[in-house]
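Counting from 1, the numbers follow the sequence of the chain as shown.
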Amino acid sequence: MNGSNVRIGELDLANPVLTASGCFGYGLEYDEFFDVATLGGICTKGLSLEPRLGNPPERICETPAGMLNAIGLANVGVENFCTVKLPTLRERGVTVVANIFASSVADFVKITERLEAEDGVHAIELNVSCPNVTVGGIEFGKDPKLASEVTRAVRQSTKRPVWVKMSPEAGDILAVGRACEEAGADALTAINTIRGMSIDINTRRLRLVALRIVWDLCGAVSIPVIAIGGIATWQHALEFIMAGASAVQVGTASFSDPCAAKHVMDGIAAFCSQNETTVADLIGAARSS
Ligand SMILES: Cc1cc2nc3c(=O)[nH]c(=O)nc-3n(C[C@H](O)[C@H](O)[C@H](O)COP(=O)(O)O)c2cc1C
């Protein structure tokens with residue numbers, strides 16, 4: 001215990017810094033840069049029932065204000081993840097959050113059931129920013145009823161914590177968050193990629209949008225909120241934590257600095273020790289002052 005540990009529902013994390021889905025491979029790709037087992041956790045690249053090749057290149061584009069991506073959810077599929085990637089993560093003692101996506105509730109449940117057969121998965125994160133093909137292609141995460149339906153179905157299929165990743169495109173994101181909480185989500189993660197950004201090179205719009213959404217969600221639900229969106233430094237991370245987030249995920253920043261998440265972890269620990277405080281005390285600190 002060094003004052004960095006946090007509790008997300010039933011899950012204890014050594015520190016509040018995770019790496020965001022799609023920005024850190026399956027975890028071990030970054031192991032040569034630093035010991036990824038020291039992270040609060042890694043969120044895997046989104047896993048589907050079958051492997052997917054995704055979109056043809058070019059799939060990412062660097063802009064002065066950030067990175068645009070159109071990966072098309074390329075991934076090895078849940079079976080390959082369980083048999084090829086997970087054993088090493090498990091041996092190394094990495095805290096693994098399996099990010100999953102599907103185009104029907106039934107497939108979300110099938111992926112969850114496959115993961116349930118394995119040790120070494122600590123939580124499941126639902127990427128609900130994808131269309132539900134059984135109800136005319138409406139995104140799960142845009143609609144409180146669809147989001148709650150998929151959350152409830154997954155909740156019933158696993159003993160593990162279920163985190164639901166909010167889509168910034170939901171008309172009423174607070175209603176979606178509350179619906180997921182009622183359906184049994186253990187935490188909300190916020191936010192997924194913003195589509196069709198208009199980029200202003202002088203303002204980091206993504207981070208500000210994410211910070212506002214995290215602030216609002218923390219006021220709307222009682223379950224923990226995990227923040228993602230524009231976090232590149234420990235100072236950014238502390239802003240989100242002080243806004244009420246119980247942990248943070250580092251996304252795109254790992255592309256320009258593979259050690260970004262480590263710097264965020266170390267910076268938070270140093271801040272806590274210099275200020276004789278703990279992460280737990282900083283969570284929501286800006287809300288009460
Ligand atoms: C290249 C790339 C791939 C991503 N893949 C996924 C994914 O598979 N599942 C998911 O839930 N989010 C995915 N995301 C979204 C990130 O996890 C994160 O929510 C988003 O990038 C905002 O955080 P950032 O500003 O720190 O990058 C991806 C993002 C990027 C840039």
Side-chain angles (χ1 to χ4, degrees), residues 20-22 43-55 59 69-82 97-116 121 123-158 160-197 209-210 213 216-217 220-221 223 225-226 228-229 249 251:
S21 175
C43 297
T44 67
K45 174 65 191 160
L47 301 169
S48 49
L49 202 50
E50 302 297 335
R52 282 169 62 112
L53 285 174
N55 296 328
R59 310 200 287 194
N69 82 85
I71 306 292
L73 293 165
N75 77 99
V76 296
V78 69
E79 188 57 43
N80 177 288
F81 173 74
C82 288
V97 179
N99 178 290
I100 67 170
F101 71 95
S103 51
S104 68
V105 172
D107 281 359
F108 266 105
V109 168
K110 281 186 197 155
I111 302 168
T112 306
E113 286 171 349
R114 177 64 190 89
L115 291 167
E116 200 60 8
V121 175
I124 295 184
E125 181 179 61
L126 308 185
N127 175 1
V128 290
S129 301
C130 37
N132 182 341
V133 291
T134 51
V135 288
I138 304 167
E139 260 184 41
F140 290 97
K142 281 188 179 168
D143 180 71
K145 198 163 153 282
L146 293 179
S148 102
E149 204 183 312
V150 67
T151 304
R152 183 165 291 111
V154 170
R155 172 68 289 153
Q156 286 166 358
S157 323
T158 178
R160 296 180 169 133
V162 175
W163 301 356
V164 188
K165 187 162 179 177
M166 298 288 101
S167 165
E169 311 217 342
D172 186 348
I173 199 166
L174 303 186
V176 174
R178 286 194 202 101
C180 294
E181 180 178 28
E182 271 169 37
D186 296 273
L188 303 179
T189 57
I191 53 176
N192 213 321
T193 303
I194 293 180
R195 252 192 298 194
M197 279 193 298
V209 171
I213 291 175
D216 289 348
L217 273 174
V221 298
I223 51 177
V225 174
I226 298 163
I228 327 155
Q249 294 182 12

Self-check item: W163 and L126: CA distance, side-chain angles, deciding distance, side-chain contact (heavy atoms from CB on, under 4.5 Å) verdict
Solution: CA-CA 6 Å; W163 301 356; L126 308 185; over 6 Å; no
Quiz item: If you round to the nearest 0.5 Å, how far is CG of L174 from CD of E181?
Solution: 11.5 Å
Quiz prompt | Distance, nearest 0.5 Å, that separates CZ of F81 from CZ of R114 | solution = 10.5 Å
Exercise. Report the distance from atom CG of L188 to atom CD1 of I223, rounding to the nearest 0.5 Å.
Key: 4.0 Å
Self-check item: Heavy-atom check, side chain of I100 versus side chain of E125, under 4.5 Å
Solution: no
Practice problem: Of all the heavy-atom pairs spanning N127 and S129, show the shortest one and how long it is. | Solution: OD1-N, 3.0 Å
Practice problem: Could you pull out the closest heavy-atom pair between G137 and P131, with the gap in Å? | Solution: O-CB, 3.2 Å
Quiz prompt | Closest non-hydrogen atom pair between G251 and A20, with its separation | solution = CA-CB, 3.6 Å
Self-check item: Non-hydrogen side-chain atoms of D143 and V176 separated by less than 4.5 Å
Solution: no
Self-check item: Steps toward side-chain contact (heavy atoms from CB on, under 4.5 Å) verdict (T189, I228)
Solution: CA-CA 7 Å; T189 57; I228 327 155; 4.1 Å; yes
Exercise. Look at R160 together with E116 and state whether they make a salt bridge at an N to O cut-off of under 4.0 Å.
Key: yes
Self-check item: Heavy-atom check, side chain of L47 versus side chain of F101, under 4.5 Å
Solution: no
Quiz prompt | pair S148-E182: side-chain heavy atoms closer than 4.5 Å | solution = no
Quiz item: Any side-chain heavy-atom pair from V128 and K165 closer than 4.5 angstrom?
Solution: no
Self-check item: Exercise: do S167 and N192 side chains pair donor with acceptor under 3.5 Å
Solution: no
Quiz item: Shortest non-hydrogen contact from A210 to G229?
Solution: CB-O, 3.7 Å
Quiz item: Taking atom CD of E113 and atom CG of L49, what is their separation to the nearest 0.5 Å?
Solution: 10.5 Å
Self-check item: Option from V78, V154, V162 for which side chain to side chain contact (heavy atoms under 4.5 Å, CB included) with T112 holds
Solution: V154
Exercise. Compare all side-chain heavy atoms of E139 with those of N132 and state whether any distance is below 4.5 angstrom.
Key: no
Quiz item: Salt bridge check: are D186 and R155 linked by an N-O gap of less than 4.0 Å?
Solution: yes
Quiz prompt | Expected output: side-chain S21 to main-chain T44 donor-acceptor under 3.5 Å | solution = yes
Quiz prompt | Euclidean distance, T193 OG1 relative to E169 CD, rounded to 0.5 Å | solution = 9.5 Å
Exercise. For residues C82 and L115, report the shortest heavy-atom separation together with the two atoms involved.
Key: SG-CD2, 3.9 Å
Self-check item: From I191 atom CD1 to I213 atom CD1, the distance as rounded to the nearest 0.5 Å
Solution: 4.0 Å
Practice problem: Please assess K45 against V76 for the test side-chain contact (heavy atoms from CB on, under 4.5 Å), listing each intermediate value before the final yes or no. | Solution: CA-CA 9 Å; K45 174 65 191 160; V76 296; over 6 Å; no
Practice problem: Taking all non-hydrogen atoms of both residues into account, name the closest pair between A153 and V105 and its distance. | Solution: CB-CG1, 3.5 Å
Quiz item: Heavy atoms, side chains only, cut-off 4.5 Å: are C180 and T151 in contact?
Solution: yes
